[in-house]
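To start, the structure itself, in C-alpha cells.
A quick note: this is a predicted structure, and the numbers were derived from the prediction, not measured. So that the names make sense, note that chain A is the first sequence line, chain B the second, and so on, each numbered from 1.
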Protein chains: 2
Amino acid sequence: MQQTQQFFPEYVQLYRPLLNRLNNLLAPYQLFHSQWGILKLLWLDGEMTSAEIALRRQVEKPSVTKIVQRLLEMGLVSIRPGTDRREKWIGLTEQGQATVVNVMADLEVFYDNLLEGATVEDLEAGIRVLKIANKNLHK
Amino acid sequence: MQQTQQFFPEYVQLYRPLLNRLNNLLAPYQLFHSQWGILKLLWLDGEMTSAEIALRRQVEKPSVTKIVQRLLEMGLVSIRPGTDRREKWIGLTEQGQATVVNVMADLEVFYDNLLEGATVEDLEAGIRVLKIANKNLHK
DNA sequence: TTGTTTAGTTAGTCTAGCTAACCATTTATT
DNA sequence: AATAAATGGTTAGCTAGACTAACTAAACAA
C-alpha cells in the first residue's frame with residue numbers, strides 16, 4: 001500500500017523544523033519543549049508523581065527528575081510528600097499555571113497559522129490516523 | 001477552531017515512541033535515525049554536497065560533517081572532489097545502496113503495521129495536512 | 001523477619017543538535 | 001588586478017535530552 005509509505009516520511013520531515021519553532025516560541029519563558037511537555041501534562045491532569053510523569057511522557061525516571069528539578073528552581077512547580085512516604089507529588093504553582101496559560105495562547109496562534117489552508121475534515125482524518133498509530137505503537 | 005489544537009499534541013505524542021522503535025529497527029545495521037535520514041536522502045536524490053544535505057535535512061553544516069564522517073568509516077558513502085575545489089560530493093557506495101534497500105524493506109513492514117486500521121482516505125488526508133504544515137513552516 | 005518490589009536520585013554516557021572561529025577557494029566590487 | 005565578501009567545509013567546545021547502572025528508602029509479600 002503506497003500511502004503508508006508516504007505518511008511517515010512526511011511526518012518525520014516536519015518534526016525538526018517544528019521543534020525549532022516551538023523552542024523559539026518557548027524561549028521568552030525560559031522553557032524548552034521537554035519542560036513544556038511536563039507543565040502541560042500537569043495542567044491537564046493535575047498533580048502526579050514522578051513515576052506517573054515518566055509513564056505518561058514515555059521517558060525514563062531519571063529524565064523526569066532532572067527536568068522537574070529545573071522547573072522547581074524556576075518556581076513553576078511545587079512538590080509535596082504523599083502518604084506513601086516514598087512518593088513526591090508534583091503540581092503547578094500559581095506562577096506555573098500562569099505560564100501555562102500564556103504559552104497556550106501563543107501556541108494557539110502558532111498552530112492556527114501552521115495549519116492554515118487545511119480543511120476541518122482533513123484535520124479530523126489526520127487526528128484519527130495519528131491516534132491509530134499511537135495505539136498500534138503501544139501494543 | 002478546535003481541530004488545530006488537537007492535531008499537534010497528538011503529533012508530538014507519537015514522536016518519541018516512534019523514534020525509539022525506529023532506532024531499534026536500525027540497530028542491527030549499526031545505524032541511528034540521523035544517519036539513516038542522510039542515507040535515504042542520497043538514495044532518493046543521488047550524490048550531493050554537504051551544504052545541500054544540511055539544507056535538505058534542516059540542520060547545520062557541522063552536524064552533517066560529523067554524521068557523514070561516520071558513514072564514511074562504515075563504508076556506506078564515498079566522497080569525490082568537485083570541479084569547485086571547495087566542494088565534496090557525497091554519494092552511496094554499493095554497500096550503502098544495499099543497506100538502504102534492506103532498511104526500506106524493514107520499514108515497509110513496520111509502517112504497514114503501525115497504520116493498520118487506518119483508511120486510505122484518512123491517510124491521504126493526513127498526508128495533505130502534513131504537507132500544508134511543512135509548507136507553512138517554510139515561509 | 002526477611003526478601004522483593006517500587007519511588008526516586010545520583011553518576012556517568014551517548015546522540016544529535018548548536019555556535020563560534022577558522023581555512024581554502026570562489027565570486028563580486030572597486 | 002587587487003581586494004573584499006561570500007561560500008564550502010572542518011574543528012572545537014557546548015547543550016538538551018535522552019539513556020543505563022547502581023544506589024537508598026519505604027512499602028509490601030512470604
Using distance only, find each side-chain donor-acceptor pair of residues 90-100 of chain A under 3.5 Å and give its atom names and separation, not counting sequence neighbours.
residue: A:T93; atom: OG1; partner: A:G75; partner atom: O; Å: 2.6
residue: A:T93; atom: OG1; partner: A:L76; partner atom: O; Å: 3.1
residue: A:T93; atom: OG1; partner: A:Q95; partner atom: N; Å: 3.4
residue: A:T93; atom: OG1; partner: A:G96; partner atom: N; Å: 3.0
residue: A:T99; atom: OG1; partner: A:Q95; partner atom: O; Å: 3.0

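- The main-chain N or O of A:H33 is found under 3.5 Å from a side-chain atom of A:N23 such that the two form a donor-acceptor pair.
- Scored by the side-chain contact (heavy atoms from CB on, under 4.5 Å) test, B:K61 finds B:A54 as partners (sequence neighbours excluded).
- Atoms CD1 (A:I67) and P (D:dC19) sit 10 Å apart, rounded to a whole Å.
- The stretch residues 24-37 of chain A touches DNA chain D through A:F32, A:H33, A:S34, each having a heavy atom within less than 4.0 Å of the strand.
- Take A:I132 and apply the side-chain contact (heavy atoms from CB on, under 4.5 Å) test, not counting sequence neighbours, and it matches A:N136, B:A118.
- A donor-acceptor pair under 3.5 Å is absent between the side-chain atoms of A:R128 and the main chain of B:D122, judged by distance alone.
- Checking side-chain atoms of B:Y15 against main-chain N and O of A:V12 turns up no donor-acceptor pair under 3.5 Å.
- Applying the salt bridge (Lys or Arg N to Asp or Glu O under 4.0 Å) criterion to A:D106, with sequence neighbours excluded, gives no partner residue.
- The side-chain hydrogen bond (donor to acceptor under 3.5 Å, both in side chains) search around B:R86 returns B:D84, not counting sequence neighbours.
- The side-chain contact (heavy atoms from CB on, under 4.5 Å) test applied to A:N134 returns A:H138, B:E10, B:Q13, B:L14, not counting sequence neighbours.
- The stretch residues 49-65 of chain B touches DNA chain D through B:T49, B:S50, B:A51, B:K61, B:P62, B:T65, each having a heavy atom within less than 4.0 Å of the strand.
- One N or O on the side chain of A:R21 and one on the backbone of B:L137 form a donor-acceptor pair closer than 3.5 Å.
- For the pair A:N20 CG and D:dT15 P, the interatomic distance rounds to 18 Å; values are reported in whole Å.
- Nucleotides of DNA chain C with any atom under 4.0 Å from a heavy atom of chain A span, from 5' to 3', C:dT6 to C:dG17.
- Taking a 4.0 Å limit (strictly below) on heavy-atom distances, residues 73-93 of chain B reaches DNA chain D at B:R86, B:E87, B:K88.
- Listed by chain and number, the residues in a salt bridge (Lys or Arg N to Asp or Glu O under 4.0 Å) with B:R70 amount to none (sequence neighbours excluded).
- Every side-chain contact (heavy atoms from CB on, under 4.5 Å) that A:R80 has, sequence neighbours left out, goes to A:E47, A:W89.
- Ring to ring, A:F8 and B:F110 are not that close: their centroids are 6.0 angstrom or more apart.
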